[in-house]
Amino acid sequence: MSSGFARSYKLFVGNLPWTIGSKELRTYFSKYGHVANAEVVFDRQLGLSKHYGFVVFSQRDAFNSASNQNTHFLEGRVLTVQRANESP
DNA sequence: GTTGAGCGTT
């Protein structure tokens with residue numbers, strides 16, 4: 001079962017609106033629990049968001065709550081949340 | 001000012 005206990009609870013968040021930033025992302029996921037770090041990937045060449053980012057939770061409870069829902073809503077848009085590939 | 005499919009700038 002794809003189980004995997006990672007050292008950090010990192011989630012890959014995609015389908016982000018163009019108006020969303022790391023702070024907005026952290027604020028949204030902060031509802032589920034304490035967010036250790038949340039950042040949206042930006043293109044250094046263009047300076048625009050890449051429409052996806054990463055959210056790291058400090059507690060498994062927060063990660064569990066967020067991971068329990070694969071579909072999230074932010075600013076009226078649907079966000080795709082998956083576990084990051086960083087740590088298998 | 002525009003766009004869109006994906007696992008990254010310090």
Side-chain angles (χ1 to χ4, degrees):
Chain A
M1 326 287 212
S2 284
S3 58
F5 296 98
R7 295 183 180 275
S8 302
Y9 308 107
K10 184 180 288 190
L11 287 178
F12 169 81
V13 184
N15 198 30
L16 291 172
W18 317 97
T19 56
I20 294 303
S22 347
K23 298 162 290 291
E24 300 290 338
L25 203 70
R26 198 228 337 216
T27 300
Y28 175 79
F29 282 95
S30 189
K31 305 181 305 182
Y32 297 93
H34 179 260
V35 178
N37 191 8
E39 295 206 46
V40 178
V41 180
F42 279 89
D43 211 318
R44 260 205 326 151
Q45 300 177 64
L46 301 176
L48 300 175
S49 64
K50 283 187 182 167
H51 338 130
Y52 70 91
F54 298 92
V55 178
V56 183
F57 288 96
S58 188
Q59 294 187 5
R60 180 176 159 266
D61 185 55
F63 178 85
N64 186 16
S65 298
S67 181
N68 188 15
Q69 214 175 285
N70 195 34
T71 306
H72 294 260
F73 288 91
L74 184 54
E75 292 217 341
R77 304 304 209 259
V78 181
L79 307 182
T80 305
V81 176
Q82 295 180 354
R83 193 164 155 297
N85 286 325
E86 188 181 64
S87 280

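Lettering follows sequence order; numbering is per chain, from 1.
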Rounded to whole Å, please give me the gap between [atom1] in [X] and [atom2] in [N].
{"X": "A/F42", "N": "B/dT3", "atom1": "CZ", "atom2": "P", "result": "18 Å"}
{"X": "A/I20", "N": "B/dT3", "atom1": "CD1", "atom2": "C1'", "result": "16 Å"}
{"X": "A/L48", "N": "B/dG6", "atom1": "CG", "atom2": "P", "result": "18 Å"}
{"X": "A/L46", "N": "B/dA5", "atom1": "CG", "atom2": "C1'", "result": "15 Å"}
{"X": "A/E39", "N": "B/dC7", "atom1": "CD", "atom2": "C1'", "result": "14 Å"}
{"X": "A/Y52", "N": "B/dG6", "atom1": "OH", "atom2": "C1'", "result": "7 Å"}
{"X": "A/H51", "N": "B/dA5", "atom1": "NE2", "atom2": "C1'", "result": "8 Å"}

Considering non-hydrogen atoms only, spot the tightest contact between A/A66 and A/L11 and give its length.
CB-CD1, 3.9 Å

Counting any heavy atom closer than 4.0 Å, what does A/L16 reach on the DNA or RNA strands: base, sugar-phosphate only, or nothing?
base

When all nucleic acid strands are considered with a 4.0 Å heavy-atom cut-off, which category describes A/F54: base, sugar-phosphate, or nothing?
base

Given [options], which nucleotide is nearest the side-chain atoms of [X]?
{"X": "A/N15", "options": "B/dC7, B/dT9, B/dA5", "value": "B/dA5"}
{"X": "A/Q82", "options": "B/dT9, B/dG4, B/dC7", "value": "B/dC7"}
{"X": "A/A84", "options": "B/dG8, B/dT10, B/dC7", "value": "B/dC7"}
{"X": "A/R44", "options": "B/dC7, B/dT10, B/dT3", "value": "B/dT10"}
{"X": "A/T80", "options": "B/dG8, B/dC7, B/dG6", "value": "B/dG6"}
{"X": "A/W18", "options": "B/dG4, B/dG6, B/dT2", "value": "B/dG4"}

Here's a test of your reading of the structure: between A/G14 and A/K50, which maps to the more 5' nucleotide of DNA chain B?
A/G14

Please classify B/dG6 as syn or anti, treating any glycosidic angle within 90° of 0 as syn.
syn

For A/F73, does its backbone N or O pair with a side-chain atom of A/Y28 as donor and acceptor, under 3.5 Å?
yes

Could you tell me how the ring of A/Y32 sits relative to the ring of A/H72: parallel (under 30°), tilted (30 to 60°) or perpendicular (over 60°)?
perpendicular

